[in-house]
Q: 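Next up is a structure, given as structure tokens.
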Amino acid sequence: MKAIQTNIQNLSNMLSWEDFEKVDMRVGTILEVKEFPKAKKPAYQLIIDFGSLGIKKSSAQITDYYTPESLIHQQVIAVVNFPPKQIANFISECLVLGLVQDNGSVILLQPQQKVDDGKRVW
């Protein structure tokens with residue numbers, strides 16, 4: 001009975017293909033990283049090149065596994081069509097995606113091989 005309830009709940013949370021197509025996930029290369037001491041939780045300010053989509057800024061809580069130096073020239077995957085969000089004194093223009101560990105640490109989603117900046121994730 002519990003499995004049936006879980007399956008029904010999962011169906012109610014399902015997206016249509018049209019919903020999924022609205023989420024614009026792209027690959028970009030990190031150009032700059034700065035410490036972000038004004039953020040509520042430890043974070044970096046990232047400047048990311050998305051190729052033909054241009055340069056976007058993001059605040060990312062990825063300080064547990066990454067140093068600013070290790071992030072330069074790394075490719076990441078981000079949602080680029082959210083509205084800008086103010087975080088302290090910084091405007092974040094995209095959401096860098098990662099996997100959240102049980103301890104709250106984030107591991108970035110990244111392509112396994114170098115690809116052109118701006119490529120769409122499907």
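If you read the sequence from its start, that first residue is 1, and numbering goes on from there.
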Q: Given side chains that start at C-beta, do those of L95 and K85 come closer than 4.5 Å, heavy atoms only?
A: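 Side chain of L95 against side chain of K85, heavy atoms only: no contact under 4.5 Å found.
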
Q: Are M14 and W17 connected in the hydrophobic side-chain network, where two residues link if heavy atoms are under 4.5 Å apart?
A: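 No; W17 is not reachable from M14 via cluster members.
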
Q: Can you list the other members of the hydrophobic cluster that holds V106, where links are side-chain heavy atoms under 4.5 angstrom apart?
A: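 I30, V33, Y44, L46, I48, F50, L53, I62, Y65, Y66, L71, I72, V76, V80, V96, V100, I107, L108, all in the cluster of V106.
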
Q: May I ask whether W122 and L15 are part of the same hydrophobic cluster, defined by side-chain heavy atoms of I, L, V, M, F, W, Y residues being less than 4.5 angstrom apart, directly or through others?
A: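 No, it is not one cluster - the side chains of W122 and L15 are not joined through contacts under 4.5 Å.
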
Q: If two hydrophobic side chains count as joined below 4.5 Å and joins carry through other members, does V27 share a cluster with V23?
A: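 Looking at the clustering, V23 is in the same group as V27.
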
Q: Any non-hydrogen side-chain atom of K57 less than 4.5 Å from a side-chain atom of E93?
A: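 K57 reaches E93 side chain to side chain.
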
Q: Shared ILVMFWY cluster between L99 and L97, side chains joined below 4.5 angstrom?
A: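 Yes; tracing contacts between hydrophobic side chains, which count when under 4.5 Å, links both residues.
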
Q: State whether the side chain of S92 and the backbone N or O of S59 hold a donor-acceptor pair below 3.5 Å, judged by distance alone.
A: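 Yes; judged by distance alone, with no hydrogens or angles, the pair exists.
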
Q: Please report the interatomic distance SG(C94) to CD1(I77), rounded to the nearest 0.5 Å.
A: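 Going from SG on C94 over to CD1 on I77, the span is 12.5 Å.
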
Q: Do other residues, nucleotides or ligands put more than 12 heavy atoms under 6.0 Å from D102 CG?
A: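 Count not over threshold, so no.
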
Q: Does Q75 offer a backbone N or O that forms a donor-acceptor pair with the side chain of Q110 under 3.5 Å?
A: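 Such a contact is found between Q110 side chain and Q75 backbone.
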
Q: Can you find a pair of side-chain heavy atoms, one from F20 and one from M25, that are under 4.5 Å apart?
A: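 Yes; the side chains approach each other to less than 4.5 Å.
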
Q: Looking at OG of S58 and CD1 of I87, how far apart are the two atoms once the value is rounded to the nearest 0.5 Å?
A: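 Answer rounded to 0.5 Å: 7.0 Å.
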
Q: Can you check whether A88's main-chain N or O pairs, donor with acceptor, with Q86's side chain at less than 3.5 Å?
A: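 Flag set: sc Q86 to bb A88 pair under 3.5 Å.
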
Q: Does anything in residues 21-44 pair up under salt bridge (charged side-chain N to carboxylate O under 4.0 Å, His left out), and if so which pairs, sequence neighbours excluded?
A: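 Sorted pair list: D24-R26, D24-R120.
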
Q: What residues, two or more places apart in sequence or in another chain, satisfy side-chain hydrogen bond (donor to acceptor under 3.5 Å, both in side chains) together with D19?
A: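 S16.
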
